[in-house]
Protein chains: 2
Amino acid sequence: MASRAVRLKPESPGQSPWKPTEERARQREIKREAVILAAARAFRQRGYHNTSVDDLAALLNVTKPTIYHYLQNKEEILFECFRTGLDQIMSAFDEIRGSDQPALDRLSAVVRKYTQAITSEFGWCMVRAEDQDLSPVMSRRINALKSQIDKGIRGLIKDGIADGSISPCDPKITAFALAGAMNWIAHWHRTDAELTPDQIADRFLSTFVSGLRPR
Amino acid sequence: MASRAVRLKPESPGQSPWKPTEERARQREIKREAVILAAARAFRQRGYHNTSVDDLAALLNVTKPTIYHYLQNKEEILFECFRTGLDQIMSAFDEIRGSDQPALDRLSAVVRKYTQAITSEFGWCMVRAEDQDLSPVMSRRINALKSQIDKGIRGLIKDGIADGSISPCDPKITAFALAGAMNWIAHWHRTDAELTPDQIADRFLSTFVSGLRPR
DNA sequence: TAAGTTGTATACTGGATAGTATACAGGGGC
DNA sequence: GCCCCTGTATACTATCCAGTATACAACTTA
């Protein structure tokens with residue numbers, strides 16, 4: 001569940017004979033990511049199938065072949081949207097790695113990060129885009145990422161039961177409930193909403209941790 | 001939030017001069033619903049955009065014009081799938097109307113019914129189909145139904161806070177969390193799953209009612 | 001300044017598919 | 001037996017759109 005952002009490391013400047021080439025590669029990557037971001041926004045707004053590659057190109061003030069210069073096909077665009085969003089969620093687990101807090105506290109930290117990710121531009125893609133629009137190979141890769149996230153949440157719940165910070169429950173179903181509540185944010189959250197992601201996360205945590213029944 | 005199933009009432013037989021006509025209307029309705037059910041299944045399996053009307057026709061051993069004889073266009077098919085699913089959820093509220101139980105108990109009953117609805121054939125349509133595939137007029141009608149459901153849940157939470165069966169919380173966000181957890185079932189539930197809808201509902205309720213923190 | 005590489009555009013192809021024009025078959029009522 | 005209504009099919013149109021062939025422009029390097 002490591003953050004997968006593998007980036008070109010900027011070498012010490014003015015030394016490599018390949019510097020210009022590297023600069024090009026960086027520019028290329030910037031543009032590629034711009035396409036992916038524009039796609040994520042458009043898909044969220046209009047849906048994957050209601051957004052043509054021509055639409056995407058128009059949003060970026062270029063033409064279709066330019067898009068295809070950076071990404072092989074429409075499926076790859078969707079895949080990258082998926083992946084970028086899921087990577088954001090995965091990174092929620094990075095910062096609690098090695099922590100010795102009670103598992104419930106670690107879970108709370110993950111919930112806050114997760115909520116931030118889901119309210120990002122890529123939230124829609126993680127949650128609403130459909131596997132069926134990807135080829136079996138790509139779909140399997142996405143499902144592997146989703147499965148890792150699920151395992152991470154379940155693991156924290158199991159740890160919590162073990163260390164006594166979480167009361168005994170079915171980890172699988174509890175993880176589904178928690179993930180479902182968070183993923184659903186992508187359906188109703190608007191960036192102009194009154195609540196910040198952190199406020200949403202705190203209220204969710206209050207509900208899930210304390211429960212509905214008065215103590 | 002009344003159940004909207006308006007049905008032809010079978011008149012006392014053998015009397016009306018229009019009986020054959022009525023029989024025809026009934027047959028027509030049966031076939032129309034068969035189309036909608038087949039569509040719901042196909043959409044869940046392959047997605048709306050990956051299912052052509054020809055595909056649908058083939059599933060029913062007829063041809064495309066037959067489909068169009070019962071439904072105006074593909075959008076109407078999707079709309080009816082939406083509506084059928086949402087009606088099922090709406091009916092979850094019917095049986096607690098007039099109940100004098102504490103609101104938390106009424107909410108629990110709704111959660112059980114809701115879970116049954118979401119695991120039905122139409123679960124996918126309620127949750128995963130996209131408004132953007134409907135015209136603005138139809139989309140507004142669907143959103144009105146969704147909004148009624150949301151109001152129903154929030155109302156029960158507010159009632160619970162008032163009658164003391166639910167501890168004070170933000171009703172809006174709590175309703176979103178609960179609905180999100182349930183709606184998400186449509187993403188992971190398979191009919192061959194090990195847990196029945198009622199078992200899922202009970203575990204959800206245990207999580208939401210008692211909370212994660214040990215008492 | 002010449003040669004190669006990268007980025008962008010114009011203009012096209014091919015395939016999928018929503019929706020329709022039209023014909024026809026069968027049953028109920030006269 | 002004739003007519004009309006309902007249901008179904010064949011065969012078509014029109015449109016959208018993913019992806020490509022090709023040309024050209026601009027920059028890199030020498």
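Reckoned from all heavy atoms, side chains included, excluding hydrogens, waters and symmetry mates. Residue numbers start from 1 in every chain, and the chains themselves are labelled A, B, ... in the order their sequence lines are given, proteins ahead of strands.
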Donor on one side chain, acceptor on other, Ser147(A) and Asp150(A), under 3.5 Å:
no
Take atom NZ of Lys74(A) and atom P of dG19(D), then tell me their distance rounded to the nearest Å.
8 Å
Whole-Å gap separating C1' (dG19(C)) and CD (Glu76(B)):
14 Å
In whole angstroms, how far is the P atom of dT17(C) from the OH atom of Tyr48(B)?
13 Å
How long is the straight-line distance from CG of Asp159(B) back to CZ of Arg154(B), given to the nearest 0.5 Å?
14.0 Å
What is the distance, rounded to the nearest whole Å, between atom NZ of Lys31(A) and atom P of dA26(D)?
13 Å
Length of the CD-C1' vector between Gln27(B) and dT6(D), whole Å:
13 Å
Interface with DNA chain C, restricted to residues 63-72 of chain B and to heavy atoms under 4.0 Å
Lys64(B), Pro65(B), Tyr68(B)
Between Gln116(A) and Asp198(A), do the side chains contain a donor N or O and an acceptor N or O under 3.5 Å apart?
yes
Measure the distance from CG on Leu78(B) to C1' on dA18(C) and round it to the nearest whole Å.
14 Å
Do any side-chain nitrogens or oxygens of Arg28(B) fall under 4.0 Å of OP1 or OP2 in dG7(D)?
yes
Does either side chain, that of Asp55(B) or that of Ser52(B), offer a donor lying less than 3.5 Å from an acceptor on the other one?
yes
For the atom pair CG (Leu71(A)) and OG1 (Thr66(A)), what is the distance rounded to the nearest 0.5 Å?
12.0 Å
Are a donor atom and an acceptor atom from the side chains of Asp133(A) and His49(A) found within less than 3.5 Å of each other?
yes
Expressed in angstrom and rounded to an integer, what is the separation of Glu29(A) atom CD from dT6(C) atom P?
16 Å
Provide, to the nearest angstrom, the distance between the CG atom belonging to Leu60(B) and the P atom belonging to dG7(D).
15 Å
Whichever of His49(B) and Asn61(A) has the more 5' nearest nucleotide on DNA chain C, that residue is Asn61(A)
The side chain of Ser52(A) is closest to which nucleotide in this list: dG19(D), dA18(D), dA18(C)?
dA18(D)
For ring-ring contact (aromatic ring centres under 6.0 Å, His included), just list the numbers for Phe176(A) and Trp188(B), CA-CA rounded to whole Å, side-chain angles, deciding distance to a tenth of an Å, and then say yes or no.
CA-CA 9 Å; Phe176(A) 277 152; Trp188(B) 53 264; 4.2 Å; yes
